[in-house]
Amino acid sequence: MNKLRKLLLSWMLILVLVPFAVIAQEGISLTLIPPTTITNQVDLDIRAGLRNEEGMAKIVELSVYLGKERPENLLYYSKKEVMPQTAYEIKHILPTKNLVGNQKITLVVKDGNKKYRKVRDIEVIASQQRSTGLIDGAWAGIYHWSETEGKHWNNDIKQMTEEQWREMVRAMHKLKMDIVVVQEVFRNEEYVGKHETTVDSYKGKAFYPSVLYPERVPITATDPVEAILDEADKQGMHIFVGVGMFAWFDFTKESLLWHKKVAKELWDKYGHHPSFYGFYVSEESGGNLDNWEHSEVMRMQRKKEIVDFFREFKAYCNQIAPAKPVMLATNSMQVPVGLDAYPALLQNLDILCPFGFARMPEGDLTGKEAADLLQSLCNQAGAHLWFDLETFLFNEDQSLYPRPVEEIVRDLNLFQNFEKILCYQFPGVFNDPKMSIRIGEERTIDLFKAYQHYLEKTTKERLSKDRRSSK
């Protein structure tokens with residue numbers, strides 16, 4: 001009995017002497033949407049968040065400053081009691097009309113006697129349009145989902161080592177494509193309504209070392225996701241990690257449960273990387289949001305599913321990774337059919353990034369009309385509209401090849417309302433000639449060089465214009 005008493009007294013002494021852990025620096029997030037250069041026609045969305053990992057409630061103070069931590073620079077202040085094992089997030093919209101130049105956003109978090117800071121830099125350029133007129137980022141599929149479409153590069157890309165994935169990230173950085181979307185982290189070629197897959201019976205294969213589902217896609221790199229994130233940390237880039245693929249266009253309850261489990265594993269495994277910018281839901285959707293169901297009942301069901309999915313998935317992500325945005329790519333077709341669902345969907349979707357504006361079907365809206373309609377819907381909901389620019393064309397056999405740079409530039413100039421323009425995709429479409437491996441055909445090097453020339457020319461012209469206007 002005496003030994004038991006001594007043991008209990010020892011544990012009580014430890015609990016008294018060891019202080020409760022404070023909120024860790026790495027548990028605090030400061031996110032800017034968009035995260036890279038914007039024009040002064042775009043409002044900056046500032047998100048800050050933290051998690052209380054302790055077993056007791058805590059009073060925390062969050063202050064956001066434009067520039068240095070001075071009273072006159074305060075943009076936002078909040079004092080909040082945060083319950084144990086819960087998250088807290090704030091949002092502030094900053095107009096940039098009169099903020100042309102290099103700006104600094106500072107977050108200060110006070111936790112009792114402890115103080116933490118996070119700083120983000122953003123460049124604001126003067127413009128008459130919302131878009132920067134450049135490609136700001138790109139998708140990076142680790143292995144193309146379609147052997148037909150990826151015919152010219154799948155055999156190459158599966159041979160890439162971790163170091164070559166790092167080369168790929170550096171090549172994207174050369175073209176200032178500093179927002180990278182990892183297409184998916186699992187491969188499972190199923191389609192909504194045509195499978196009976198559950199969380200427990202899931203047969204998909206991972207592109208990273210997953211404990212949840214250890215079966216692997218046969219590629220050379222052991223962990224390309226880690227390589228991409230680690231290199232992006234060094235280059236100051238921003239990575240959307242693709243949570244998918246459960247099944248194409250599938251937003252059912254089973255898919256939601258699967259996405260929550262995978263998102264948690266991804267955040268636990270990779271969330272320490274500064275470049276982990278947000279979550280991309282890989283499943284995609286038609287612009288109609290009903291995914292081409294034939295009956296009215298099923299069309300309404302699909303719309304309800306996608307709305308319910310993002311309401312719950314966004315809330316879940318806010319708890320495990322506060323201030324990290326969630327993005328979805330839809331196509332741009334039949335958007336008016338989805339008007340009854342878009343408002344509710346966009347309430348719980350940070351970024352909509354549609355594609356296909358250059359190939360609208362006959363009888364539909366024009367690409368510009370669809371873009372303008374989606375912009376109005378996003379404005380009403382407080383969501384962000386980015387552009388998934390297709391930098392490929394289809395051969396007769398449906399394989400993909402690099403699109404002529406003149407057509408890409410035409411779209412950059414035509415669609416001026418988008419805050420950010422990303423492209424699909426970099427691997428197999430662009431190739432830095434200095435890489436140790438060429439992914440795809442030789443024309444990919446031609447496109448890299450041609451776009452690099454356009455980037456340098458456009459940047460030089462803007463700098464010259466800025467100098468003239470400052471005199």
Visitor: Considering only NZ, NE, NH1 and NH2 on the basic side and carboxylate oxygens on the acidic side, decide whether E190 and K203 come within less than 4.0 Å.
Guide: no
Visitor: Classify the side-chain pair Q375/N379 by whether it contains a donor and acceptor separated by less than 3.5 Å.
Guide: yes
Visitor: Might you confirm whether atom NZ of K264 has over 12 heavy atoms from other residues, nucleotides or ligands at distances under 6.0 Å?
Guide: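 Check fails, neighbour count at 12 or below.
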Visitor: For the side chain of K118 and the backbone of V109, is there at least one donor-acceptor N/O pair under 3.5 Å apart?
Guide: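 Not confirmed, K118 side chain does not pair with V109 backbone.
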Visitor: May I ask you to test the L374-T330 pair for a side-chain heavy-atom distance under 4.5 Å?
Guide: no
Visitor: Going by the angle between their ring planes, with limits at 30° and 60°, are Y202 and F246 parallel, tilted or perpendicular?
Guide: parallel
Visitor: Could you report the tightest heavy-atom contact between A206 and Y213, atom names first, then the distance?
Guide: CB-O, 3.9 Å
Visitor: Once rounded to the nearest 0.5 Å, what's the spacing between atom CG of L422 and atom SG of C353?
Guide: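 So the CG of L422 and the SG of C353 are separated by 4.5 Å.
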Visitor: Got a second to check how far L373's CG is from T366's OG1, nearest 0.5 Å?
Guide: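 Answer rounded to 0.5 Å: 10.5 Å.
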Visitor: Looking at side-chain heavy atoms only, is the closest gap between Y316 and L256 below 4.5 Å?
Guide: no
Visitor: Side-chain atoms of residues 171-181: list all donor-acceptor pairs with protein atoms under 3.5 Å, sequence neighbours left out, distances to 0.1 Å.
Guide:
| residue | atom | partner | partner atom | Å |
| --- | --- | --- | --- | --- |
| H173 | ND1 | D178 | OD1 | 2.7 |
| K174 | NZ | D432 | OD2 | 2.6 |

Visitor: Counting only heavy atoms not in K269 (residues, nucleotides, ligands), do more than 12 fall under 6.0 Å from its NZ?
Guide: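 Yes, NZ of K269 has more than 12 neighbouring heavy atoms, counting only those of other groups under 6.0 Å.
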Visitor: Taking W139's backbone N and O only, do any of them form a donor-acceptor pair with Q183's side chain (distance below 3.5 Å, no angle check)?
Guide: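 No, Q183 side chain to W139 backbone: no donor-acceptor pair under 3.5 Å.
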Visitor: Ignoring hydrogens and geometry beyond distance, is a side-chain donor-acceptor pair present between S275 and D233 at under 3.5 Å?
Guide: yes
Visitor: Answer yes or no: are there more than 12 heavy-atom neighbours, outside E196 itself, under 6.0 Å from its atom CD?
Guide: no
Visitor: Under 6.0 Å from the NZ atom of K110, do we count more than 12 heavy atoms belonging to anything else shown?
Guide: no
Visitor: Judged by atom type as modelled, is there a donor-acceptor pair below 3.5 Å linking the side chain of T31 to the main-chain atoms of A323?
Guide: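 Side chain of T31 to backbone of A323: a pair is present.
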Visitor: Might you work through the ring pair (Phe, Tyr, Trp, His ring centres under 6.0 Å) test for F448 and F430, ending with a clear yes or no?
Guide: CA-CA 5 Å; F448 183 97; F430 293 85; 7.2 Å; no
Visitor: Can a salt bridge be assigned to the pair R403 and D411 using a cut-off of 4.0 Å between side-chain N and carboxylate O?
Guide: yes
Visitor: Return yes if some donor-acceptor pair links the side-chain N/O of R299 with the main-chain N/O of W292 below 3.5 Å, else return no.
Guide: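 A pair under 3.5 Å: no.
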Visitor: Is the backbone of A221 close enough, under 3.5 Å, to the side chain of W165 for a donor and an acceptor to pair up by distance?
Guide: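 Side chain of W165 to backbone of A221, a donor-acceptor pair under 3.5 Å: no, none is there.
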Visitor: Using only heavy-atom distances, determine whether the side chains of E226 and Y208 contain a donor-acceptor pair under 3.5 Å.
Guide: no
Visitor: Quick one: does N188's side chain have a donor or acceptor within less than 3.5 Å of a partner on A247's backbone?
Guide: no
Visitor: Who are the side chain to side chain donor-acceptor pair (under 3.5 Å) partners of K104, not counting sequence neighbours?
Guide: D121
Visitor: Count the heavy atoms belonging to other residues, nucleotides or ligands that lie under 6.0 Å from NZ of K314, then report whether that count exceeds 12.
Guide: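 It does: K314 NZ has more than 12 such atoms within range.
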Visitor: With sequence neighbours excluded, tell me which residues meet salt bridge (Lys or Arg N to Asp or Glu O under 4.0 Å) with E293.
Guide: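 Partners of E293 by the salt bridge (Lys or Arg N to Asp or Glu O under 4.0 Å) criterion, ordered by chain and then number, come out as R302.
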Visitor: To the closest 0.5 Å, what do you measure between CZ (R130) and CD1 (I421)?
Guide: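 R130 CZ to I421 CD1: 11.5 Å, rounded to 0.5 Å.
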Visitor: Report the distance from atom NZ of K324 to atom SG of C317, rounding to the nearest 0.5 Å.
Guide: 12.0 Å
Visitor: Can you list the steps and then say if E312 with K253 is a salt bridge (charged side-chain N to carboxylate O under 4.0 Å, His left out)?
Guide: CA-CA 10 Å; E312 294 193 38; K253 290 182 178 179; over 6 Å; no
Visitor: Indicate yes or no: at least one non-hydrogen side-chain atom of F279 is less than 4.5 angstrom from one of D350.
Guide: no
Visitor: Return yes if some donor-acceptor pair links the side-chain N/O of N395 with the main-chain N/O of D397 below 3.5 Å, else return no.
Guide: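 Checking the backbone N and O of D397 against the side chain of N395, no donor-acceptor pair under 3.5 Å is found.
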Visitor: Which pairs of donor and acceptor atoms, one on a side chain in residues 338-346, lie under 3.5 Å apart (sequence neighbours left out)?
Guide:
| residue | atom | partner | partner atom | Å |
| --- | --- | --- | --- | --- |
| D340 | OD1 | K303 | NZ | 2.9 |
| D340 | OD2 | K303 | NZ | 3.3 |
| Y342 | OH | G287 | O | 2.6 |

Visitor: Can you name the closest pair of heavy atoms from N52 and M56 and give their distance?
Guide: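 Scanning both residues, the minimum pair turns out to be ND2-O, 3.0 Å.
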Visitor: With a 3.5 Å cut-off and no angle check, do the side chains of D250 and T252 form a donor-acceptor pair?
Guide: yes
Visitor: Taking R51 for the side chain and A321 for the main chain, is one N or O donor matched with an acceptor at less than 3.5 Å?
Guide: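 Not a single qualifying donor-acceptor pair exists.
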Visitor: Which pair of heavy atoms, one from E184 and one from F186, lies closest together, and at what distance?
Guide: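 Minimum heavy-atom contact is OE1-O, 3.1 Å.
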Visitor: Using a strict cut-off of less than 4.0 Å between a Lys/Arg side-chain nitrogen and an Asp/Glu carboxylate oxygen, indicate whether R170 and E231 qualify as a salt bridge.
Guide: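 Yes, R170 and E231 are salt-bridged.
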Visitor: Give a yes or no on whether E163 atom CD has more than 12 heavy-atom contacts from other residues, nucleotides or ligands under 6.0 Å away.
Guide: yes
Visitor: Does the side chain of T132 come within less than 4.5 Å of T39's, by heavy atoms?
Guide: yes
Visitor: Quick one, L62 and L50 - any side-chain contact, counting heavy atoms below 4.5 Å?
Guide: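 Yes, their side chains come closer than 4.5 Å.
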Visitor: According to ring pair (Phe, Tyr, Trp, His ring centres under 6.0 Å), does anything in residues 345-377 pair up with another residue at least two apart or in another chain? List the pairs.
Guide: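 Output for this query lists F357-F387, F357-F415, F357-F418.
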Visitor: Report yes or no: do E189 and W248 form a side-chain donor-acceptor pair below 3.5 Å?
Guide: yes
Visitor: For V108, does its backbone N or O pair with a side-chain atom of R117 as donor and acceptor, under 3.5 Å?
Guide: no
Visitor: Do L94 and Y76 come close enough that some side-chain heavy atom pair is under 4.5 Å?
Guide: no
Visitor: Using a distance-only test with no angle check, is there a side-chain donor-acceptor pair under 3.5 angstrom linking E283 and S255?
Guide: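 There is no such pair between these side chains.
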Visitor: Quick one: does any side-chain atom of E419 pair with a main-chain N or O of H384 as donor and acceptor, under 3.5 Å?
Guide: no
Visitor: Looking at side-chain heavy atoms only, is the closest gap between S131 and L412 below 4.5 Å?
Guide: no
Visitor: Looking at M333 and P361, what are the two nearest heavy atoms and their distance?
Guide: CG-CD, 3.6 Å
Visitor: State the CG-CD distance between L393 and E407, to the nearest 0.5 angstrom.
Guide: 5.5 Å
Visitor: Indicate yes or no: does D230 engage R166 in a salt bridge with an N to O separation below 4.0 Å.
Guide: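 Yes, this pair counts.
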Visitor: Against V243, only a single residue in L266, V326, V182, V185 fulfils side chain to side chain contact (heavy atoms under 4.5 Å, CB included); can you say which?
Guide: L266
Visitor: Among side-chain atoms of S210 and E265, is any donor-acceptor pair under 3.5 angstrom?
Guide: yes
Visitor: Can you tell me how far CD1 of I90 sits from CG of L107, rounded to the nearest 0.5 angstrom?
Guide: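 With rounding to 0.5 Å, CG (L107) is 6.5 Å from CD1 (I90).
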Visitor: Would you name the heavy atoms of L32 and I46 that are closest together and state the gap between them?
Guide: CD2-CG1, 4.0 Å
Visitor: Indicate whether any N or O donor in one side chain lies under 3.5 Å from an N or O acceptor in the other, for S78 and Y88.
Guide: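 Note: S78 and Y88 side chains meet the donor-acceptor criterion.
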Visitor: Using the test salt bridge (Lys or Arg N to Asp or Glu O under 4.0 Å), find all partners of E147 that sit at least two apart in sequence or belong to another chain.
Guide: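 Once residues adjacent in sequence are excluded, E147 has no partner under the salt bridge (Lys or Arg N to Asp or Glu O under 4.0 Å) criterion.
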Visitor: Could you walk me through whether F251 and F309 satisfy the ring pair (Phe, Tyr, Trp, His ring centres under 6.0 Å) test, starting with their C-alpha distance in whole Å, then the side-chain angles of each, then the deciding distance to 0.1 Å, before giving a yes or no?
Guide: CA-CA 6 Å; F251 300 99; F309 178 100; 5.2 Å; yes
Visitor: Heavy atoms, side chains only, cut-off 4.5 Å: are P34 and W386 in contact?
Guide: yes
